[in-house]
S.K.: 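Please see the structure below; I have some questions.
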Amino acid sequence: MLDQRLLRNDPTLITAPLARRGLATDLSGLQQLALQARDLEQQRSELQAEGNRIGREVGERIRAGAAPGGDEVKELREQGNRIKQQVAELEEQEKGIETQLLEQLMVLPNLPSPLCPTGRSEADNVEVKRWGTPRQAAAGVEKLQEHWQIAERLGIVDTERSVRIAQSRFVTLLGQGARLERALINFMLDRHAGRGYTEVLPPVLVNTASLTASGQLPKFAEESFRCAEDDLWLTPTAEVPVTSFHRGEVLAAEALPLKYAAYTPCFRREAGSYGRDTRGLIRLHQFNKVELYWFCRPEDSEAAHEQLTGDAEAILEALELPYRRLELCTGDLGFSAVRTYDLEVWLAGAGTYREISSCSSCGDFQARRASIRFRDGKTTRLLHTLNGSGLAVGRTMAALLEAGQQADGSVKLPQALVPYFGAEAITAVS
RNA sequence: GGAGAGGUGGCCGAGUGGUCGAAGGCGCAGCACUGGAAAUGCUGUAUAGGGGCAACUCUAUCGAGGGUUCGAAUCCCUCCCUCUCCGCCA
């Protein structure tokens with residue numbers, strides 16, 4: 001959520017950055033609402049002060065000997081009642097305006113960082129780095145296969161039976177596939193733990209307040225699965241429970257930065273993605289992800305963003321997976337982000353880079369929604385939050401399958417993974 | 001799910017209608033004492049929002065939301081949570 005003071009004092013400080021996102025917003029109405037809310041609050045608190053004064057006076061008179069039912073007190077009581085009435089009216093107005101204000105404010109996205117390049121769509125994202133050498137099919141050899149072809153051939157994933165169990169866009173991993181998924185999760189968590197992250201295994205059913213705090217609600221309700229009877233939702237990313245882990249807290253400055261690595265399954269309705277990525281492990285309603293999350297001081301968040309992204313990259317490098325880093329332009333930036341790096345892994349079979357991690361700095365946007373502060377000397381300040389995938393596990397498996405495919409049908413795994421998987425390769429079924 | 005008990009400041013804990021944002025203790029900070037420290041003494045020590053250059057000031061907050069009252073931490077209602085016992089279950 002954006003700072004209401006900006007809105008009251010100078011809405012152009014909001015509209016100009018939002019224009020860089022390609023959003024033409026007229027905030028004059030909203031500014032009026034904010035000013036009205038402020039004025040009403042002022043009026044109301046003055047009246048309340050008067051009411052408090054009267055209340056105190058009644059007490060004093062009674063203690064001084066006035067009859068509680070006498071005329072002297074009765075008149076004050078009537079005054080008090082009139083004020084109470086007026087306060088109630090003002091409160092009702094105030095509530096109405098506050099509700100409207102919040103409704104509109106909650107659906108405004110975060111302001112992009114000045115560092116975020118201006119652009120209209122993903123076509124304007126800026127490639128800032130490349131690592132590794134993409135594998136090409138050897139000369140004279142048949143084309144490299146895509147991961148779903150490999151997985152089916154090896155019998156490590158069953159899509160058809162998953163539809164029986166649930167729906168399309170769900171998969172069941174089997175045998176070496178299930179084992180590889182588990183190995184990857186452990187591998188990632190261990191690596192991050194070695195870099196100062198605290199491992200977290202949070203609830204994956206989250207309440208509405210949690211989903212609102214991190215920015216998924218109220219605007220993107222159709223993207224999450226909901227348990228209708230319970231005010232609970234299936235979390236679309238561990239960012240949600242981890243943000244709310246500290247919701248409403250004031251953290252000690254010395255505790256910052258807090259760095260968490262959270263493995264969770266993630267659930268997304270993928271509304272509006274019919275027909276895209278229908279095969280394989282790329283776009284599923286349920287997938288596993290290890291999420292990196294920082295709570296830090298505002299002045300540290302830029303450096304934190306680089307570090308967090310580097311920590312995600314370290315996984316790709318350890319797995320010998322070629323990737324590139326893109327800086328998202330303003331037009332492609334997510335709702336809560338001020339700045340985002342996407343990591344795209346090379347899919348050797350598909351012959352393309354695909355997003356495998358998205359590392360965002362959210363400034364104080366989520367901290368304000370979630371009311372997460374830190375003690376800064378005598379006062380408290382909103383802190384900054386950052387999140388990034390480290391990594392999406394299913395997509396990592398897809399990349400590994402395509403990168404490691406061998407002529408004999410097996411899939412060779414990177415050395416770093418061998419202790420976790422317990423073998424050098426996924427072996428072909430005879 | 002059933003029965004009972006309870007939710008007060010960073011922590012413990014008093015407060016059952018009146019000047020209570022809240023005694024007391026612990027913790028923490030500053031000062032004094034000390035060669036230095038401990039012990040001791042004194043002082044200070046919640047959060048959010050509004051106004052003000054500031055000093056400061058007003059409002060709200062004692063789990064949350066409503067209600068009664070001139071006045072609520074204190075009375076009433078609803079909900080949430082914690083603990084104990086029973087049931088159920090991995």
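By convention in this document, chain letters (A, B, ...) are assigned in the order of the sequence lines, proteins followed by strands, and residues within each chain are numbered from 1. All values reported here derive from a predicted model rather than from experimental measurement.
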S.K.: Please name all residues satisfying side chain to side chain donor-acceptor pair (under 3.5 Å) with Arg247(A), sequence neighbours left out, ordered by chain then number.
M.R.: Ser210(A), Ser244(A)
S.K.: Both distances below 3.5 Å, Watson-Crick or wobble geometry, any strand: find the nucleotide opposite rC85(B).
M.R.: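 Matched rC85(B) with rG2(B) under the 3.5 Å cut-off.
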S.K.: Taking only side-chain N and O atoms of Arg373(A), does any of them lie within less than 4.0 angstrom of OP1 or OP2 on rA48(B)?
M.R.: yes
S.K.: rC76(B) and rU16(B): how far apart are their C1' atoms, nearest whole angstrom?
M.R.: 14 Å
S.K.: With rounding to the closest Å, how many angstrom separate the C1' atoms on rG41(B) and rU34(B)?
M.R.: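 rG41(B) and rU34(B) have their C1' atoms separated by 14 Å.
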S.K.: Which residues pass the salt bridge (charged side-chain N to carboxylate O under 4.0 Å, His left out) test with Arg120(A), not counting sequence neighbours?
M.R.: none
S.K.: For the residue pair Glu239(A) / Ser214(A), report whether a side-chain donor-acceptor contact shorter than 3.5 Å exists.
M.R.: no
S.K.: Looking at Pro257(A), Ser360(A), Cys359(A), Cys296(A), which one forms a side chain to side chain contact (heavy atoms under 4.5 Å, CB included) with Leu386(A)?
M.R.: Cys296(A)
S.K.: Rounding to an integer number of angstrom, what distance separates rU61(B) and rG65(B) when you compare their C1' atoms?
M.R.: 13 Å
S.K.: Please report, rounded to the nearest Å, how far the P atom of rA48(B) is from the CZ atom of Arg368(A).
M.R.: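 Whole-Å distance recorded here is 13 Å.
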S.K.: Any strand is fair game: report the nucleotide pairing with rA72(B) by Watson-Crick or G-U wobble, both distances under 3.5 Å, or none.
M.R.: none
S.K.: Could I get the full list of salt bridge (charged side-chain N to carboxylate O under 4.0 Å, His left out) partners for Glu306(A), not counting sequence neighbours?
M.R.: Arg325(A)
S.K.: Quantified in whole Å, what is the P atom distance between nucleotide rG35(B) and nucleotide rA54(B)?
M.R.: 44 Å
S.K.: Report the distance from atom CD of Glu249(A) to atom C1' of rC11(B), rounded to the nearest whole Å.
M.R.: 16 Å
S.K.: Given the P atoms of rC81(B) and rG27(B), what is the spacing between them in whole Å?
M.R.: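 The same atom, P, in both gives a distance of 35 Å.
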S.K.: Could you state the CG-P distance from Asp39(A) to rG49(B), rounded to the nearest angstrom?
M.R.: 18 Å
S.K.: Using distance only, find each side-chain donor-acceptor pair of residues 85-92 of chain A under 3.5 Å and give its atom names and separation, not counting sequence neighbours.
M.R.:
| unit_1 | atom_1 | unit_2 | atom_2 | d |
| --- | --- | --- | --- | --- |
| Gln85(A) | NE2 | Glu89(A) | OE2 | 3.4 |

S.K.: What is the base-pairing partner of rA54(B), counting Watson-Crick and G-U wobble geometry with both distances under 3.5 Å?
M.R.: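 Looking at the geometry, rA54(B) pairs with no nucleotide.
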S.K.: Take the protein atom CD of Glu60(A) and the nucleotide atom P of rG17(B), then report the distance between them rounded to whole Å.
M.R.: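 Rounded to the whole Å, the gap is 20 Å.
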S.K.: Please figure out whether Arg5(A) or Glu57(A) has its closest RNA chain B nucleotide nearer the 5' end.
M.R.: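 First, find each residue's nearest nucleotide; the 5'-ward one identifies Glu57(A).
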S.K.: For Glu299(A), check salt bridge (charged side-chain N to carboxylate O under 4.0 Å, His left out) against everything at least two apart and list the hits.
M.R.: Arg297(A), Arg381(A)
S.K.: Considering only heavy atoms from C-beta outward, does the side chain of Asp300(A) approach that of Leu256(A) to under 4.5 Å?
M.R.: no
S.K.: Tell me the ring-ring contact (aromatic ring centres under 6.0 Å, His included) pairs involving residues 201-245 of chain A, sequence neighbours left out?
M.R.: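 Every ring-ring contact (aromatic ring centres under 6.0 Å, His included) pair that includes a residue of residues 201-245 of chain A, provided the two are not neighbours, is Phe220(A)-Phe335(A), Phe225(A)-His285(A), Phe245(A)-Tyr260(A).
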S.K.: Counting only Watson-Crick or G-U wobble pairs whose two distances fall under 3.5 Å, which nucleotide matches rC79(B)?
M.R.: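 rC79(B) is paired, partner rG63(B).
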S.K.: Distance check needed: rG49(B) C1' versus Leu101(A) CG, whole Å only.
M.R.: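 Checked: the CG to C1' distance equals 13 Å.
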S.K.: Just checking Thr380(A): base, sugar-phosphate only, or nothing, at a heavy-atom cut-off of under 4.0 Å?
M.R.: sugar-phosphate
S.K.: How close or far is atom C1' of rA29(B) from atom CZ of Arg375(A), stated in whole angstroms?
M.R.: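 Atom-to-atom, Arg375(A) to rA29(B), this comes out as 12 Å.
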S.K.: Would you tell me whether Gln415(A) and Glu424(A) have side-chain atoms, one donor and one acceptor, within less than 3.5 Å of each other?
M.R.: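 Yes - a donor-acceptor pair under 3.5 Å links their side chains.
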S.K.: Using the C1' atom as the reference point in each nucleotide, state the distance between rA3(B) and rG9(B) in Å, no decimals.
M.R.: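 One C1' to the other, the span is 33 Å.
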S.K.: Please report the distance separating the C1' of rG87(B) from the corresponding atom of rG4(B), rounded so that it comes out in whole Å.
M.R.: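 One C1' to the other, the span is 15 Å.
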S.K.: Kindly give the atom pairs (protein nitrogen or oxygen, nucleotide nitrogen or oxygen) under 3.5 Å for nucleotides 51-54 of chain B.
M.R.:
| unit_1 | atom_1 | unit_2 | atom_2 | d |
| --- | --- | --- | --- | --- |
| rG51(B) | OP1 | Arg38(A) | NH1 | 2.4 |

S.K.: Both distances under 3.5 Å, Watson-Crick or G-U wobble: report the partner of rG30(B), or none.
M.R.: rC42(B)
S.K.: Under a 3.5 Å limit for both distances, which nucleotide forms a Watson-Crick or G-U wobble pair with rA23(B), could you say?
M.R.: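 Its partner: none found.
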S.K.: Please give, in whole Å, the distance from rG50(B) P to Glu98(A) CD?
M.R.: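 The answer, rounded to whole Å, is 10 Å.
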S.K.: Considering only atom C1', compute the distance from rG21(B) to rU59(B) and round it to an integer number of Å.
M.R.: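 Going atom to atom, C1' in each nucleotide, I get 13 Å.
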S.K.: Between C1' on rA48(B) and CZ on Arg369(A), what's the gap in Å once rounded to a whole number?
M.R.: 19 Å
S.K.: Sugar-phosphate means primed atoms, P, OP1 and OP2; the rest is base. With that split, encode nucleotides 56-78 of chain B 5' to 3' as B, S or - using protein heavy atoms under 4.0 Å.
M.R.: --SSS-----S--BBS-------
S.K.: For Asp39(A), which residues count as a salt bridge (charged side-chain N to carboxylate O under 4.0 Å, His left out) partner, sequence neighbours excluded?
M.R.: none
